[in-house]
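Lettering of chains follows the sequences in order, A, B, ..., and the numbering in each one begins at 1.
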Number of protein chains: 2
Amino acid sequence: MIRRKNEMEIEEREKMRGGDGIIKILHFFKKEEFNANVRLCAKLIIPPFCSIGLHQHLDEDEVYIIVKGKGILFDGKQEHIVLEGDAILTGKGESHSIKNIGEDDLEIIAFISKYSENQKI
Amino acid sequence: MIRRKNEMEIEEREKMRGGDGIIKILHFFKKEEFNANVRLCAKLIIPPFCSIGLHQHLDEDEVYIIVKGKGILFDGKQEHIVLEGDAILTGKGESHSIKNIGEDDLEIIAFISKYSENQKI
């Protein structure tokens, strides 16, 4: 299945997970389109000064790939500056939040894979 | 877990899946680092004139996100030109191959999520 850029659904989420501003979510594919247990496969577009608030990933792994911009990631313990090319893996009940600290949009490719019964912690 | 761009393992595969040339695989995270059933989480860098040969995805879904360049994707039935911003989902036993037809590298973010027992077809 090929999904062209201009066919992708764009969702807007205000104060996402208690964060600031409006985040755009460009869905490459929706979870129903997978046979595997994939909950999210999208590009997150976070405008300047906006953020996704702190949230936990229980029974799933999430990968963020920073494809453009600069952000502060909080991993539940400390803050880290993240840049284009960096990747973040969050799972096993860990939490995270991310804020755009650059002058342009922060763009992140995000992928969530849910655990099967025998992988749950 | 944060993986910085300069810490990522780069693997080189010659004639990958019977294709042409040498493909670089920049691993964001290795499969062992996931708790979920993720087999691949990487950027594929395909130089001009190079390709990944035709191969099947049984018991797993693979997503390609074209982040740079231009390619021809063969989906087992017909060829399609794919461009930056397009995404491809291959699973349920389908096959695909991809060839760079541009003047610069074709860069693809690739994820493979394997099926649990009850998802296998």
Please flag which part of L73(A) lies under 4.5 Å from any non-hydrogen atom of chain B: side chain, backbone, both or neither.
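The answer is the side chain of L73(A).
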- Item | Worked check of side chain to side chain contact (heavy atoms under 4.5 Å, CB included) between I66(A) and L83(A) | CA-CA 6 Å; I66(A) 310 297; L83(A) 303 172; 5.9 Å; no
* Write out, in numerical order, the residues from residues 34-58 of chain B with a heavy atom short of 4.5 Å from a heavy atom in chain A. =>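 Residues F34(B), N35(B), A36(B), N37(B), V38(B), C41(B) are the ones that qualify, each having a heavy atom under 4.5 Å from chain A.
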Using 0.5 Å steps for rounding, measure from the CE atom of M16(B) to the CD1 atom of I23(B).
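Interatomic distance, M16(B) CE to I23(B) CD1, rounded to 0.5 Å: 7.0 Å.
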Measuring from atom CD of E12(A) to atom CD1 of I25(A), what distance do you get when rounded to the nearest 0.5 angstrom?
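Rounded to the nearest 0.5 Å, the CD-CD1 separation comes to 10.0 Å.
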(message) Testing the basics here: between I108(A) and V67(A), what is the closest heavy-atom pair and its distance to 0.1 Å?
(response)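 Taking I108(A) first and V67(A) second, the nearest heavy atoms are N-CG2, 4.2 Å.
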Q) At their closest point, which heavy atom of E14(A) faces which heavy atom of I22(A), and how far apart are they? A)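 What the structure gives for the nearest pair is CG-CG1, 4.0 Å.
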**Request:** Return yes if some donor-acceptor pair links the side-chain N/O of Y64(A) with the main-chain N/O of D86(A) below 3.5 Å, else return no.
**Result:**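 Side chain of Y64(A) to backbone of D86(A): no pair is present.
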Checklist line | Greatest number of heavy atom pairs closer than 4.5 Å to chain B - which of D59(A), I109(A), D75(A), T90(A) | finding: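 The residue among D59(A), I109(A), D75(A), T90(A) with the greatest pair count is I109(A).
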**Asked** Given that the side chain runs from C-beta out, which part of L26(B) has a heavy atom under 4.5 Å from chain A: side chain, backbone, both or neither?
**Response**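 The answer is neither part of L26(B).
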- Query: Given the options V82(B), V63(B), I65(B), which has more heavy-atom pairs under 4.5 Å with chain A than any of the others?
  - Reply: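 Sorted descending by pairs with chain A, the first entry is I65(B).
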Quiz item: Does E103(A) CD have over 12 foreign heavy atoms under 6.0 Å away?
Solution: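 Counting neighbours around CD of E103(A), 12 or fewer heavy atoms of other residues, nucleotides or ligands fall under 6.0 Å, so no.
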Exercise. Do the non-hydrogen side-chain atoms of E33(A) and F28(A) ever get within less than 4.5 Å of each other?
Worked result: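 No, their side chains stay 4.5 Å or more apart.
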